[in-house]
Protein chains: 2
Amino acid sequence: MAMALQRPQTKEKKIPDQTGIRQVAKRAGVGIGSVSRVFSGAAGVSDQMRARVLRAAEIVGYSPNMLAQALRRQKTQSVGFVVSDIANPLVSSIIHGAEAVLSAAGYSLLLTNSGGEPAVDARRIRLLQQRRVDGLILLPAVEDDPAMLAALGASGIPLVVIDRSLPDSIEARYVYSDHYTGVGQAARHLLELGHRSLGVIVGLDVRPSRERIRAVTDAYRERKMKPKFLVDAGPLSAEHGAATMKRWLSAPNPPTAVILGGNQLLVGALETIRSRNLRLGRDLSLVVCDDVPLGRLFDPPISTVMRDTDLMGQTAARFLLDAISQPEQAASIAVLPTWYVPRVSCGAPVTR
Amino acid sequence: MAMALQRPQTKEKKIPDQTGIRQVAKRAGVGIGSVSRVFSGAAGVSDQMRARVLRAAEIVGYSPNMLAQALRRQKTQSVGFVVSDIANPLVSSIIHGAEAVLSAAGYSLLLTNSGGEPAVDARRIRLLQQRRVDGLILLPAVEDDPAMLAALGASGIPLVVIDRSLPDSIEARYVYSDHYTGVGQAARHLLELGHRSLGVIVGLDVRPSRERIRAVTDAYRERKMKPKFLVDAGPLSAEHGAATMKRWLSAPNPPTAVILGGNQLLVGALETIRSRNLRLGRDLSLVVCDDVPLGRLFDPPISTVMRDTDLMGQTAARFLLDAISQPEQAASIAVLPTWYVPRVSCGAPVTR
DNA sequence: TTGAAAGCGATACCAA
DNA sequence: TTGGTATCGCTTTCAA
């Protein structure tokens with residue numbers, strides 16, 4: 001017989017010092033299940049039972065252990081958020097929006113930073129899965145890292161992806177910014193001003209980069225012009241912004257207007273521009289994507305492609321809550337607006 | 001007899017669909033304990049056992065459930081971080097630093113935002129406690145909210161507080177910025193330039209505000225001057241910065257130099273200054289606490305009291321890891337430097 | 001309405 | 001070294 005011998009009835013079950021549900025039950029002289037019912041707000045609990053339990057809980061200082069709840073319910077009421085750079089104000093604004101919606105819905109946020117390393121993205125995703133998060137929001141460095149996709153594919157966990165486009169094999173909901181429109185407006189503005197050779201700095205090969213290039217291309221085409229412009233793809237950092245501007249401005253036919261595909265690039269770009277004693281809006285026109293605090297107070301004010309990043313976070317969170325409550329519902333896509341705000345940093349090019 | 005009757009040996013124990021440790025054990029034909037040992041890296045496991053288990057795990061696609069581990073081990077390998085405003089770049093930089101250290105040490109970060117509401121701070125702290133975080137990092141709105149202090153006092157959970165000073169009754173480690181030094185340098189600079197009536201905008205009654213006021217006071221005293229300067233305490237927002245500047249500049253004896261105790265104030269202050277057509281460094285001198293991306297490229301460049309916020313986060317995380325591993329060790333305090341970078345926004349006052 | 005008991009998925013002690 | 005069992009703290013049938 002497989003059954004082992006019973007433990008001797010020592011009757012001296014050691015009393016755990018932690019204040020758990022059974023301490024409360026004993027204190028109140030009721031069943032353990034009743035305590036659970038009271039605290040989980042289940043129906044069918046008499047008022048006097050509720051009172052007894054609450055009082056006992058008060059006395060022993062009990063509060064439910066969400067770990068145990070989660071284990072039992074198979075639901076952690078938590079979601080993971082993997083970002084590539086928390087410190088980027090844009091990202092932290094997205095997080096802010098998401099956190100607000102999630103915490104209002106009773107979810108906690110497990111935040112992890114990948115530092116832009118695809119391999120770390122993948123590891124973090126797996127870690128969060130082991131923590132049994134109920135859902136995942138992703139703002140990964142790249143779109144096609146095999147390790148990441150493998151981790152994602154393995155689990156049928158609800159997924160929302162921000163500003164990245166994953167292969168169809170991954171079931172996910174998407175929150176996009178309509179980079180095409182905002183950058184398109186900017187490009188058209190520059191072309192109208194008479195610029196003919198634009199420069200565009202984008203990031204790696206991810207959706208925003210592609211959309212921005214497409215937008216500029218189409219802006220040229222709209223005017224029946226051959227889409228001849230400079231493109232630089234690299235890290236969206238100040239250093240890279242400075243380096244690229246330096247390179248372009250030293251070339252034989254420098255661009256007369258530049259679109260920066262990320263606000264961190266601005267500081268670097270402006271440094272180079274300043275060191276060359278160029279006057280923005282006259283010697284060179286400049287557009288930056290995503291607002292920078294002092295951008296409109298700068299001298300001259302910097303043209304900007306704006307978007308509501310907090311709203312992106314909120315939307316992502318709402319999508320995720322949907323996905324969690326209705327996993328079978330068709331996956332959806334939200335495209336949030338971007339808009340171009342022309343300022344003095346864009347002017348007609350000087351003829352040389 | 002307390003022992004209940006045994007369950008009939010139906011032998012048909014339903015097989016859970018989740019892939020848990022027992023699936024692996026069965027698949028490998030070993031005991032459940034052995035699987036645990038292999039995955040927790042315990043000593044005393046034969047190589048062949050390890051191989052068997054790992055292969056079986058591979059096949060059924062097993063990875064440990066950290067929830068169950070946490071419940072059993074009484075350790076979640078997670079820490080809670082309560083901040084008042086994630087979206088503030090300063091704060092997100094602190095988070096960045098903390099996350100790096102924590103995740104390197106195998107901890108996950110539960111991030112929550114209180115929006116500056118003391119009551120929310122308290123609720124979030126309790127929530128995190130129910131999630132059984134191993135430690136807590138706090139950057140709360142105020143220092144003396146009773147609900148918060150009650151929540152903190154109730155649990156003996158390791159605690160690190162950033163830039164806030166809680167009552168001695170709360171056991172905590174502290175990470176401070178040395179606001180006194182940086183602002184003191186700024187104030188001395190302004191007084192040397194000849195300014196006699198300074199204005200200082202600070203936040204609520206929290207440590208940084210007090211230190212900044214103390215620094216300015218002492219700077220006056222050093223020169224044997226009566227510390228007569230304007231102080232405004234309010235939200236560190238752009239709107240408040242604009243409003244306060246407006247108020248001060250409209251008063252009979254406006255300050256000739258202003259120290260802004262928070263970078264968000266800068267945008268608002270500059271707006272007011274611009275609208276009055278004042279030239280910074282000539283008509284009015286200005287210092288801002290905490291770096292602003294375009295501050296040094298601004299026209300004129302803005303004098304700034306700097307600090308390394310990422311390092312603050314790292315330090316907080318390290319303190320917390322210490323506190324978790326050695327709870328009995330004496331609580332400690334770190335004071336991280338701030339330093340003043342004078343720029344053109346500070347000049348000699350014009351005599352009117 | 002209430003209590004008892006069987007898990008959720010792991011760890012750890014104990015005996016073998 | 002390995003297997004078996006009790007247990008972490010809770011939820012949830014199932015009977016009463």
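In what follows, chains carry the letters A, B, and so on, assigned in the order in which the sequence lines appear, proteins first and then strands, with residues in each chain numbered from 1.
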What nucleotide, of C:dG3, C:dC8, C:dA10, holds the atom closest to the side chain of A:Val30? C:dG3
Could you work out which one of C:dA10, D:dC10, D:dG3 sits closest to the side chain of B:Arg37? D:dG3
Crowded around B:Arg131 CZ? As in, over 12 foreign heavy atoms under 6.0 Å? yes
For residues B:Ser165 and B:Glu143, is any side-chain donor paired with an opposing acceptor at under 3.5 Å? no
What nucleic acid atoms does A:Ser46 come within less than 4.0 Å of, heavy atoms only: base, sugar-phosphate, or nothing? sugar-phosphate
Give A:Val45 one of three labels, base, sugar-phosphate or nothing, depending on what nucleic acid heavy atoms sit under 4.0 Å from its own. sugar-phosphate
If you assign each of B:Arg72 and B:Gly31 to its closest nucleotide in DNA chain D, which residue comes earlier from the 5' end? B:Gly31
Taking any heavy-atom pair under 4.0 Å as a contact, classify B:Met66: base, sugar-phosphate, or nothing. nothing
If you check the A:Leu71 side chain, which of C:dG9, C:dT11, D:dT11 turns out closest? C:dG9
Where the side chain of A:Ser36 is defined as all heavy atoms beyond and including C-beta, which of C:dT2, D:dT11, D:dC10 is the nearest nucleotide? D:dT11
Counting only side-chain N and O atoms of B:Gln69, is one of them less than 4.0 Å from OP1 or OP2 of C:dT11? yes
If you measure only the distance, is there a donor-acceptor pair under 3.5 Å linking the side chains of A:Gln314 and A:Arg318? yes
Side chain of A:Ser34 (C-beta onward), nearest among C:dA10, C:dG3, D:dC10: C:dG3
Hey, is the side chain of A:Arg73 pairing donor to acceptor with the base of D:dT11 inside 3.5 Å? no
When you match B:Gly29 and B:Ala68 each to their closest nucleotide on DNA chain D, which lands nearer the 5' end? B:Gly29
